[in-house]
*Asks:* 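First, the structure itself, so that you have it in front of you.
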Amino acid sequence: MPEVMIITGTRKGIGRYLAEYYTGKGYSVVGCSRSEMDKEIAGYEHHCLDVADEQAVQQMVNEVRKKYGRIDVLLNNAGIASMNHILLTPLATVRKIFETNVFGTFLFAREVAKVMCRQKYGRIVNFATVAAPLKLEGEAAYAASKAAVDNFTKVMAKEVASFNITVNALGPTPVATDLIKGVSDDKMDDLIRTQAIKRLGTFKDIVNVTDFFISKDSDFITGQTLFLGGIS
Amino acid sequence: MRDKAVVLVKEAVSELNEELDYDSLRDVNDQTPLFGGESGIDSLSLVMLVTTLESAIFDELGCTVSLADEKAMSMRNSPYRSVGALAEFIAEKLGEV
């Protein structure tokens with residue numbers, strides 16, 4: 001029986017790649033985003049929802065559990081960013097960032113872990129960022145939200161360990177997606193210079209880590225945040 | 001609705017007790033203590049009970065409910081204290097849906 005995976009934020013960027021990659025590897029993948037997919041993926045099921053909408057998240061997770069009987073993996077990828085000086089950042093922007101990045105991650109992790117704890121198995125991977133350890137100027141709200149995800153990952157890992165559920169996080173460097181399209185080349189070059197390995201990240205770099213975290217052999221790996229590119 | 005809730009709670013407790021194997025949970029009735037009572041269910045078992053019940057409510061009644069909402073966490077008389085109290089709480093929740 002194929003393993004069942006939920007991926008959030010699958011309409012574009014890293015999430016879309018993850019959905020294509022893991023359906024290609026034989027997983028039953030169910031994903032979500034605020035709007036419909038532009039192009040369908042064979043073997044992939046899509047739900048339209050806001051990851052911060054508690055009722056909608058509960059409904060989706062219940063439907064997946066009822067249809068597939070189990071949920072093996074959660075990739076909590078959905079995230080938004082906003083670059084701005086703190087003094088020019090509206091509260092509404094901060095609220096939106098925390099709703100998607102923190103509350104969305106929390107809700108999916110909580111609801112999916114409820115299913116995983118009954119089946120006594122699960123792999124949860126949250127998405128952090130190098131913007132947090134690098135303390136990037138102009139990204140206070142984004143970095144703070146992802147720092148929250150980092151700590152949430154570590155605490156949750158302890159709370160669900162006895163159910164044989166692992167919870168880890170991946171901190172990608174910038175990857176060429178819409179998330180960084182508003183960032184100038186100069187700024188991007190400065191950022192990449194801070195990495196031990198000085199290049200943009202790729203989708204392959206990301207699945208290399210998610211493959212490791214969700215492997216059945218990684219049952220002794222939990223509460224870890226792995227940053228790409230040599231950032232720590 | 002309360003009768004249905006009692007059935008669901010009893011079924012969930014039986015399922016949980018397949019693993020726990022507590023004498024006190026073999027023959028359950030309204031008064032059977034759950035969390036914080038003599039039965040000695042620990043917090044992880046309570047997590048299992050709540051998640052089992054939320055799933056059963058969705059599967060059998062098609063409703064999405066949270067049994068660990070703010071009200072449950074702050075109630076002076078915990079809805080998790082006995083089978084009857086939990087059934088009462090669920091019936092109340094379902095009335096709100």
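For the numbers below, each heavy atom of this structure counts, side chains included, while hydrogens, waters and symmetry mates do not. Proteins get letters first, then strands, A, B, ... in listed order; numbering begins at 1 in each.
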*Asks:* Give a yes or no on whether B/Leu44 atom CG has more than 12 heavy-atom contacts from other residues, nucleotides or ligands under 6.0 Å away.
*Replies:* yes
*Asks:* Check this for me, if you would: do B/Glu15 and A/Arg118 make a salt bridge, where the nitrogen-to-carboxylate-oxygen distance has to be below 4.0 angstrom?
*Replies:* yes
*Asks:* Sequence neighbours left out, what passes side-chain contact (heavy atoms from CB on, under 4.5 Å) with A/Tyr27? Give chain and number order.
*Replies:*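 Result, side-chain contact (heavy atoms from CB on, under 4.5 Å) vs A/Tyr27: A/Glu3, A/Met5, A/Tyr22, A/Lys25, A/Val29, A/Val73, A/Ile214.
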*Asks:* Should we count CG of B/Asp21 as having more than 12 external heavy atoms under 6.0 Å?
*Replies:* yes
*Asks:* Does NZ in A/Lys154 sit with more than 12 non-hydrogen atoms of other residues, nucleotides or ligands closer than 6.0 Å?
*Replies:* yes
*Asks:* How about CZ on B/Arg26, more than 12 heavy atoms from neighbouring residues, nucleotides or ligands closer than 6.0 Å, or not?
*Replies:*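 Result for CZ/B/Arg26: enclosed.
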*Asks:* In terms of heavy-atom pairs under 4.5 Å, which option from A/Glu54, A/Arg65, A/Gln58 contacts chain B the most?
*Replies:* A/Arg65
*Asks:* Only heavy atoms, only distances under 4.5 angstrom. Which residues in residues 48-60 of chain B are near chain A?
*Replies:*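 Counting heavy atoms that sit under 4.5 Å from chain A, the residues of residues 48-60 of chain B involved are B/Met48, B/Thr51, B/Thr52, B/Glu54, B/Ser55, B/Phe58, B/Asp59.
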*Asks:* Using a cut-off of under 4.5 Å on heavy-atom pairs, state which of A/Gln59, A/Glu159, A/Glu63 scores highest against chain B.
*Replies:* A/Gln59
*Asks:* Is atom NZ of A/Lys120 surrounded by more than 12 heavy atoms (other residues, nucleotides or ligands) closer than 6.0 Å?
*Replies:*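 Enclosed: over 12 neighbouring heavy atoms sit under 6.0 Å from NZ of A/Lys120.
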*Asks:* Could you check if a side-chain atom of A/Arg110 sits within less than 4.5 angstrom of a side-chain atom of B/Ser66, using non-hydrogen atoms only?
*Replies:*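 Side chain of A/Arg110 against side chain of B/Ser66, heavy atoms only: contact under 4.5 Å found.
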